[in-house]
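One structure is given below, encoded as structure tokens.
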Amino acid sequence: MDLERLLTDRLTPAFTAVAGGPVDPVVRRSPRADFQSDAALALARRLGRPPREIAQAVLDRAVLDDVCAAAEVSGPGFVNLTIDDGALAGMVAALAADDRLGVPVTADPETVVVDYSGPNVAKEMHVGHLRSTVIGDAAVRLLGWLGHRVVRVNHLGDWGTPFGMLIAHLVDLGEAEAAQELSIGDLDGFYRAARSKFDADPAFQVRARQRVVALQGGDPETRRLWRLLVEQSQRYFLTVYRLLDVTLTEDDFRGESAYNDRLGAVVGDLDRLGLLTDSAGATCAFPPGFTGRDGAPLPLIVRKGDGGYGYPATDLAALRLRTGELGATRLLYVVGLPQRQHFAMVFAVAGQAGWLRPPARAEHLGFGSVLGPDGRMLRSRAGGSVKLVDLLTEAVARATALARTKNPALDEADAAEIGRAVGIGAIKYADLATDRTRDYVLDWERMLALDGNTAPYLQYAYARTRSVSRRAGTKVGPDARIVLTAPAERALAFELLGFATVVHEVARTAEFHQLAGYLHRLATRFSAFYERCPVLRADGELRASRLLLTDLTGRTLRQGLHLLGIRTVERM
RNA sequence: GCGCCCGUAGCUCAGCGGAUAGAGCAGGGGACUUCUAAUCCCAAGGCCGCAGGUUCGAAUCCUGCCGGGCGCACCA
């Protein structure tokens with residue numbers, strides 16, 4: 001069903017025979033035929049034969065008759081393959097009959113830990129958390145759909161010195177008042193108030209420092225107040241996740257504090273392994289290959305000079321638990337690019353300690369910043385960071401207004417539902433549609449545009465497929481014959497068959513913009529098909545075939561968008 | 001100083017060893033007695049930052065520059 005793989009499987013033995021060793025035929029879509037294989041060119045030097053001759057020898061041996069209408073050598077030595085219409089139709093029909101759209105559940109499932117979102121307790125979620133949350137959730141959805149055991153970890157910032165100040169402020173306010181403030185989502189106000197008191201009032205500073213000591217010493221009352229802060233914040237974060245359509249739940253919170261009682265063992269074991277050195281009073285690991293400002297080896301500070309633990313220790317403890325107790329073989333860290341070196345060092349030390357060894361591997365899925373229209377880091381008018389809820393609320397409001405304008409017949413409820421799906425979808429899609437590692441510019445006009453590579457365009461294409469299916473009345477069985485005559489039908493068929501390839505590729509690379517690009521291409525192909533190939537006005541076999549193509553396109557768009565965490569609506 | 005990321009159409013981005021570098025937007029031209037025009041079609045638009053190198057072949061790999069961003073010991 002996966003055409004690219006099918007052709008690869010057919011060409012590989014032929015290439016291998018000709019070359020006398022294993023060769024990847026390098027099959028890809030071609031502007032000059034349906035597919036092309038480029039491997040003969042690369043082989044020419046090794047075999048000392050002209051590439052065209054090699055290509056011909058491969059074609060002489062390869063079994064392609066049942067799939068290809070034409071297979072020929074072209075140019076300097078490309079192999080051009082044209083798929084037989086009947087074979088193509090057969091594959092599309094098989095695809096339509098498959099609930100999983102040609103993407104089987106993986107044969108070797110693994111345990112994958114996805115560490116993402118990670119907001120800080122008693123601090124507002126801002127656009128910086130948007131990317132981690134959206135990308136991480138897409139990873140969770142995709143890997144889960146493929147049958148892997150996915151463990152979501154929301155590595156909350158719930159520990160450290162700021163909590164002394166926050167708890168002291170909470171006491172000043174009174175618990176009820178503080179809880180009220182936090183539950184309505186005024187986290188920044190709470191944090192700022194604590195901060196400014198800390199900066200201005202020496203007596204408050206003393207109380208704050210005492211609270212840090214009490215908290216770390218396990219004082220029950222301080223712990224209770226701390227829990228209160230954490231719980232109120234979690235409640236608030238969950239409302240944001242719900243609005244964002246993210247699958248994170250309360251069960252996924254595993255804050256930094258969860259590793260407290262393991263930090264001692266981490267340091268102790270690293271020491272026993274001879275990996276630690278005292279340096280300027282701090283206990284450090286010096287993984288090879290990392291140098292700092294003056295060319296000196298760069299330390300990973302596992303325990304600070306004052307005896308406290310920093311986040312390297314926490315990250316090591318978390319990693320060890322994930323590969324050890326959770327048995328994970330793939331660790332994904334969806335954290336901004338600036339942390340790249342930190343994670344490289346953590347992974348290196350974990351490798352040295354034997355906590356991270358094949359088949360287990362860790363990947364830092366770094367990402368760039370969200371920029372404003374001026375090309376600089378997105379800021380609010382006041383110059384502070386933009387509250388994530390504000391951003392989401394504005395997206396929904398804009399999309400709802402847009403829906404009303406475009407389709408005045410919608411009632412309030414429908415407009416609201418569409419506004420939500422489109423607004424949130426637009427934000428998430430804009431985030432996922434470009435290369436993760438790059439910064440991107442948040443531009444309302446562009447991401448809510450009704451054409452172009454945007455969520456609304458894809459959602460509209462989906463709504464059109466549903467509209468056609470609804471109007472058809474009769475449901476077309478999956479056993480309907482597919483007939484492909486028009487070029488637009490063929491083009492759509494090829495795109496539909498490419499879903500599995502993209503899904504597998506993205507599962508490997510976590511480059512979600514590849515999936516987004518695929519879905520946009522699919523929607524584009526469908527729109528062209530829709531324009532040129534009447535479905536409901538066609539008769540008999542052709543009508544049934546086109547209905548099935550329409551339905552299959554809709555299912556693929558819905559599934560693809562769902563994997564990205566984006567909703568579809570039945571009408572727009 | 002060292003390290004990482006990024007310089008591709010006016011704008012936002014794909015492409016990251018293969019044939020004539022692709023989309024979308026904006027701008028130009030066309031298609032609504034509609035299966036939802038929130039759409040489609042056509043034309044136009046490029047020293048792929050610069051300079052070397054490797055290769056049969058380079059936007060893609062290597063080296064050096066230039067420009068932008070971000071990191072580089074006790075905040076997470």
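Just so it is clear: chains get the letters A, B, ... in the order the sequence lines come, proteins before strands, and each one is counted from 1.
- Among the protein residues, A:Ala433 comes within range of no part of the nucleic acid, since none of its heavy atoms lies under 4.0 Å from any strand.
- The nearest whole Å value for the distance from the NE2 atom in A:His364 to the C1' atom in B:rC5 is 12 Å.
- When side chains are defined from C-beta on, A:Tyr518 counts as touching A:Glu495, because their heavy atoms get closer than 4.5 Å.
- The side chain of A:Ser527 approaches B:rC40 more closely than any other nucleotide in the set B:rC40, B:rA38, B:rG18.
- With A:Arg543 contributing its side chain and A:Ala472 its backbone, the two residues share a donor-acceptor pair below 3.5 Å.
- The main-chain N or O of A:Leu484 is never found under 3.5 Å from a side-chain atom of A:Arg490 such that the two would form a donor-acceptor pair.
- The residues A:Arg546 and A:Glu489 are annotated as salt-bridged, a charged nitrogen and a carboxylate oxygen being separated by less than 4.0 angstrom.
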Nucleotide-resolved protein contact map, nucleotides 68-76 of chain B, B/S/- at heavy-atom distance under 4.0 Å: --SSBBB-B
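- Rounded to an integer number of Å, the gap from A:His513 NE2 to B:rU12 P is 17 Å.
- A distance of about 15 Å separates the C1' atoms of B:rC42 and B:rG27, rounded to the whole Å.
- Comparing the same atom, C1', in B:rA26 and in B:rG10 gives a spacing of 8 Å after rounding to whole Å.
- We find that A:Glu124 and A:Arg192 are not joined by a salt bridge, their nearest charged nitrogen and carboxylate oxygen being 4.0 Å or further apart.
- As judged by a 4.0 angstrom heavy-atom cut-off over every strand, A:Ala42 is placed among the base-contacting residues.
- Spacing between B:rC50 and B:rC66 at atom C1', rounded to whole Å, works out to 7 Å.
- Nucleotides B:rC11 and B:rG46 place their P atoms 13 Å apart, quoted to the nearest Å.
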So what's the dot-bracket for RNA chain B: Watson-Crick or G-U pairs under 3.5 Å, [ ] if a pair crosses, | if it pairs off-strand? (((((((..((((....[...))))..((((.......))))......(((((..]....))))))))))))....
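- Within 4.0 Å of A:Tyr440, counting heavy atoms only, lie sugar-phosphate atoms of the nucleic acid but no base atom.
- The phosphate of B:rU36 (OP1 or OP2) has a side-chain N or O of A:Ser467 nearer than 4.0 angstrom.
- A:Leu371 places its CG atom 12 Å from the C1' atom of B:rC6, with the value rounded to the nearest Å.
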Going through the checks in order, is the ring pair (Phe, Tyr, Trp, His ring centres under 6.0 Å) test met by A:Tyr333 and A:Phe347? CA-CA 11 Å; A:Tyr333 291 81; A:Phe347 299 162; 5.3 Å; yes
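- The interatomic distance linking A:Arg28 (CZ) with B:rG22 (C1') rounds to 13 Å, in whole Å.
- Taking atom P on both nucleotides, B:rC5 is separated from B:rA21 by 28 Å, rounded to a whole Å.
- The side chain of A:Arg470 contributes no N or O atom lying less than 4.0 Å from OP1 or OP2 of B:rU36.
- Residue-level contact check: A:Asp435 touches the backbone only, with heavy atoms under 4.0 Å from sugar-phosphate atoms and none from bases.
- Nucleotides B:rA58 and B:rA14 are separated by 24 Å at their P atoms, to the nearest Å.
- The listed nucleotides are B:rA19, B:rA38, B:rA23; the one nearest the side chain of A:His520 is B:rA23.
- Among A:Asp188, A:Thr133, A:Asn120, A:Leu130, the one residue that satisfies the side chain to side chain contact (heavy atoms under 4.5 Å, CB included) test with A:Met125 is A:Thr133.
- Both A:Gly452 and A:Arg32 sit near RNA chain B, but only A:Arg32 has its closest nucleotide nearer the 5' end.
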Applying side-chain contact (heavy atoms from CB on, under 4.5 Å) to A:Met165 and A:Arg211, what does each step give before you reach the verdict? CA-CA 8 Å; A:Met165 154 189 114; A:Arg211 285 295 179 182; over 6 Å; no
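- At the phosphate of B:rG7, OP1 or OP2 sits under 4.0 Å from a side-chain N or O atom of A:Arg438.
- Counting to the nearest Å, the P atom of B:rC6 and the CZ atom of A:Arg436 are 11 Å from each other.
- Residue A:Glu445 is classed as having no contact, given no heavy-atom separation below 4.0 Å to the nucleic acid.
- Dashed line: the shortest gap from a side-chain N or O of A:Tyr457 to OP1 or OP2 of B:rC40 is under 4.0 Å.
- Salt bridge status for A:Asp431 with A:Arg436: absent, with no side-chain N to carboxylate O gap under 4.0 Å.
- Aromatic ring orientation, A:Trp226 versus A:Trp159: perpendicular (interplanar angle above 60°, classes split at 30° and 60°).
- B:rC13 sits 9 Å from B:rU8 when the P atoms are compared, rounded to a whole Å.
- Computed from coordinates, the A:Leu515 CG to B:rC13 C1' distance equals 17 Å when rounded to whole Å.
- Contact annotation: A:Arg446 side-chain N/O to B:rG24 OP1/OP2 distance is not under 4.0 Å.
- Residue A:Val441 is classed as a sugar-phosphate contact, given heavy-atom separations below 4.0 Å to backbone atoms only.
- Under a 4.0 Å N-O distance rule, the pair A:Asp38/A:Arg28 qualifies as a salt bridge.
- Put simply, the side chain of A:Ser74 and the base of B:rA19 share a donor and an acceptor less than 3.5 Å apart.
- If you take atom C1' in B:rG45 and the same atom in B:rU12, they sit 16 Å apart, rounded to whole Å.
- A:Asn80 has its CG atom 14 Å from the C1' atom of B:rU20, to the nearest Å.
- Remark: the backbone N or O of A:Arg567 is paired with a side-chain donor or acceptor of A:Gln459 at under 3.5 angstrom.
- One can place CZ of A:Arg52 at 20 Å from P of B:rG18, the figure rounded to the nearest angstrom.
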